[in-house]
Amino acid sequence: MSKEIEAIAHSDETIKRLLTIPGIGPLGATALVAAAVDGKQSRIARDMAAWLGLVPAEHSSGGRQNLLGISKR
């Protein structure tokens, strides 16, 4: 199964770019591309980063900012 994932990872251009990031391997890169599809489901880049657990999620309204914690995904 690992060899199949590595073959997929080295055949897709998006996954190849993700593999250049330190700490991202073939399994993580293919999972990210499969889950995020094209990234257009997120309004802004910050929403995508919060989905990944890199920045706090934000739930704000009426000028009041409410930042949640960083997840441990």
Side-chain angles (χ1 to χ4, degrees):
M1 189 62 100
S2 296
K3 290 183 191 255
E4 289 179 34
I5 291 172
E6 287 182 23
I8 292 168
H10 293 293
S11 66
D12 186 270
E13 190 61 35
T14 305
I15 298 173
K16 282 183 186 178
R17 282 186 271 146
L18 287 171
L19 290 173
T20 63
I21 300 170
I24 303 283
L27 182 61
T30 53
L32 178 60
V33 169
V37 187
D38 60 2
K40 291 182 181 176
Q41 67 273 19
S42 299
R43 274 186 311 125
I44 56 176
R46 183 179 175 93
D47 289 344
M48 183 66 156
W51 179 76
L52 289 171
L54 300 175
V55 296
E58 181 177 357
H59 295 284
S60 304
S61 68
R64 184 172 182 201
Q65 191 176 29
N66 184 18
L67 294 177
L68 303 175
I70 296 175
S71 71
K72 295 180 181 164
R73 280 191 217 189

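Small disclaimer: the values here were computed from a predicted structure and weren't measured. No hydrogens, no waters, no symmetry mates; every other heavy atom, side chains included, goes into these values.
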| message | If I compare all heavy atoms of H10 with all of K16, which pair ends up nearest, and what's the gap? | response |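 Distance-wise, the nearest heavy atoms are O-CE, 2.8 Å.
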
| message | Please say yes or no: joined through hydrophobic side-chain contacts below 4.5 Å, possibly via intermediate residues, are I15 and I5 part of one cluster? | response |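 No, no single cluster joins them.
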
| query | Residues in side-chain contact (heavy atoms from CB on, under 4.5 Å) with I24, at least two apart? | reply |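 Here the qualifying residues are L18, I21, A29.
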
| Partner residues of E4 under the side-chain contact (heavy atoms from CB on, under 4.5 Å) criterion, sequence neighbours left out |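 Checked E4 against side-chain contact (heavy atoms from CB on, under 4.5 Å); matches are M1.
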
| message | To the nearest 0.5 Å, what is the distance between OG1 on T30 and CD on E6? | response |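 Answer rounded to 0.5 Å: 10.0 Å.
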
